[in-house]
Amino acid sequence: MTSAREGGPTVFGGVAMADDVQFLLTDPVETLQRVLQREISRADRRKVELAEIGNALLQLAKEHERPEGGAPVWDPVTAELAPSLLARLLDTTDGPLRSSVISLQVGPGLEEPIIERARRRMARGMPQRSIYPMSLYDQPDGRQWMQGWAEVGETQRICLDPPSDFAVFGETAVMAVAEWGNAESNYVLIRDPMLVQAFIHLFDRVFDRALPVPTDSEETDGELRLLRLLSTGYKDEAIARYLGCSLRTVRRRIATLMAHHGAETRFQLGVAAAAQGLVNPPRTPL
């Protein structure tokens, strides 16, 4: 215990006592900011708890609505409940995660707790494959996002237009946007085995035909790479974007390839390349 001066207030570790009143010797603005931040943290935790309760109530209500012996094709999930549902699926389902992404502007998968769960899932040996739109790769933020996931083991492909926004968890569940192709809509949870298999087939088909993410260190034969891009059906503009060169350069290189293989049309070029085993034979449209 110390005294500031004779007859003055007694100071106990930064708290001045005078006339039975305590004066905190701190900045009042900093004190209010700390109190506010503490309350915000409490509110955030409460929000998560309420979302989990709401999701449980929704699932309980759906169980009572189901006819005996039957099951709904899907369950609706609001945007507010989507993060807690996604977290539960990441924690409780096994097998590979297949993710088709159409936007990085909205969605529960952008929240940090969800990202950490997905990373832990991959660390446990669960593979993750994702399809991204080429427009996302064109953006610095998009490339940074993709690079971050690639560094932790995600296998990636890019295409002009992924079919929609959805994720397939193993072979047991699908979480997808309720309105096809609209990333800002609500969501649905699908557990019907036939529909889950349909989503798996759709994803795998698109993934197989999508393009690998280009890298600065990639050492790929230029002719072979261009032939494979042509075989996928991409137009010259998309190929130029993917290769990072001008449209004129792409068309000049295609003309060189046609002359080299003695082809007068691009179809003949594809047939010649397939005959040499450079690409898969061209498919007849269904």
Side-chain angles (χ1 to χ4, degrees), residues 44-45 47-66 71-132 145-146 148-150 152-157 162-204 206-207:
D44 289 341
R45 289 195 298 271
K47 181 180 178 181
V48 173
E49 294 171 355
L50 291 174
E52 292 176 347
I53 293 173
N55 186 58
L57 290 173
L58 177 63
Q59 297 302 317
L60 181 62
K62 286 297 176 182
E63 289 292 336
H64 285 286
E65 292 174 3
R66 295 175 186 176
V73 176
W74 60 67
D75 293 324
V77 179
T78 63
E80 291 76 17
L81 298 180
S84 61
L85 175 60
L86 182 54
R88 184 176 303 175
L89 290 171
L90 288 169
D91 291 342
T92 60
T93 57
D94 296 327
L97 173 62
R98 298 170 171 90
S99 175
S100 175
V101 180
I102 60 176
S103 172
L104 287 182
Q105 301 301 315
V106 295
L110 303 177
E111 298 188 6
E112 192 60 34
I114 302 300
I115 294 174
E116 289 302 319
R117 276 182 161 88
R119 289 173 180 264
R120 290 198 299 267
R121 194 175 191 274
M122 282 192 288
R124 297 198 307 267
M126 300 294 178
Q128 180 167 314
R129 295 193 295 169
S130 292
I131 302 171
Y132 295 98
W145 171 275
M146 293 172 61
W149 280 108
V152 295
E154 181 181 73
T155 305
Q156 302 171 341
R157 294 288 186 272
S164 187
D165 204 293
F166 63 85
V168 185
F169 299 85
E171 297 187 357
T172 59
V174 175
M175 185 173 173
V177 290
E179 183 180 340
W180 191 258
N182 181 7
E184 298 183 353
S185 70
N186 286 323
Y187 302 88
V188 293
L189 173 64
I190 301 171
R191 291 192 181 276
D192 180 82
M194 183 177 292
L195 281 180
V196 172
Q197 289 299 318
F199 271 91
I200 291 175
H201 178 75
L202 170 63
F203 179 93
D204 289 348
V206 175
F207 190 90

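Keep in mind that what you see is a predicted model, and the values were worked out from it rather than measured.
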Check: Asn186 and Pro76 side chains under 4.5 Å, non-hydrogen atoms: no
Arg121 to Pro96 - nearest heavy-atom pair and separation: NH1-C, 4.2 Å
Met175 side chain near Pro108 side chain, heavy-atom distance below 4.5 Å: yes
Aromatic ring pairing Phe199/Trp180, orientation class (parallel under 30°, perpendicular over 60°, tilted between): tilted
From CZ (Phe169) to OG (Ser99), nearest 0.5 Å: 8.0 Å
Backbone of Val101 reached by a side-chain donor or acceptor of Asp165 within 3.5 Å: no
From Asp91 atom CG to Leu86 atom CG, the distance as rounded to the nearest 0.5 Å: 9.5 Å
Atom of Val177, atom of Ser185 and distance for their closest heavy-atom approach: CB-OG, 3.5 Å
Atom pair CG (Asp75) and CG (Leu85), whose distance is rounded to the nearest 0.5 Å: 9.0 Å
Side-chain heavy atoms of Val174 within contact of Leu195, under 4.5 Å: no
Glu171 atom CD, neighbour heavy-atom count above 12 within 6.0 Å: no
Any Leu104 side-chain heavy atom under 4.5 Å of Leu110 side chain: yes
Gln197 atom CD, over 12 foreign heavy atoms within 6.0 Å: yes
Atom of Ala167, atom of Leu97 and distance for their closest heavy-atom approach: CB-CD1, 4.0 Å
From CH2 (Trp149) to CD (Gln156), nearest 0.5 Å: 10.0 Å
Residue pairs, two or more places apart or on separate chains, that pass salt bridge (charged side-chain N to carboxylate O under 4.0 Å, His left out) and touch residues 92-115: Arg98-Asp204
With Tyr187 via side chain to side chain donor-acceptor pair (under 3.5 Å) - residues at least two apart: none
From Gln128 atom CD to Leu90 atom CG, the distance as rounded to the nearest 0.5 Å: 8.0 Å
Qualifying residues under side chain to side chain donor-acceptor pair (under 3.5 Å), relative to Glu179, sequence neighbours excluded: Asn182
Distance-minimising heavy-atom pair for Val206 and Ile131: CG1-CD1, 3.7 Å
Rounded distance [0.5 Å steps], OG1 in Thr93 versus CE in Met126: 8.0 Å
Phe166/Val188 under side-chain contact (heavy atoms from CB on, under 4.5 Å): CA gap, chis, key distance, verdict: CA-CA 9 Å; Phe166 63 85; Val188 293; over 6 Å; no
Arg129 to Phe207, cation-pi by 6.0 Å centre distance and 45° axis angle: yes
Over all atoms of both residues, closest heavy-atom pair of Ala173 and Leu189: CB-CD1, 4.3 Å
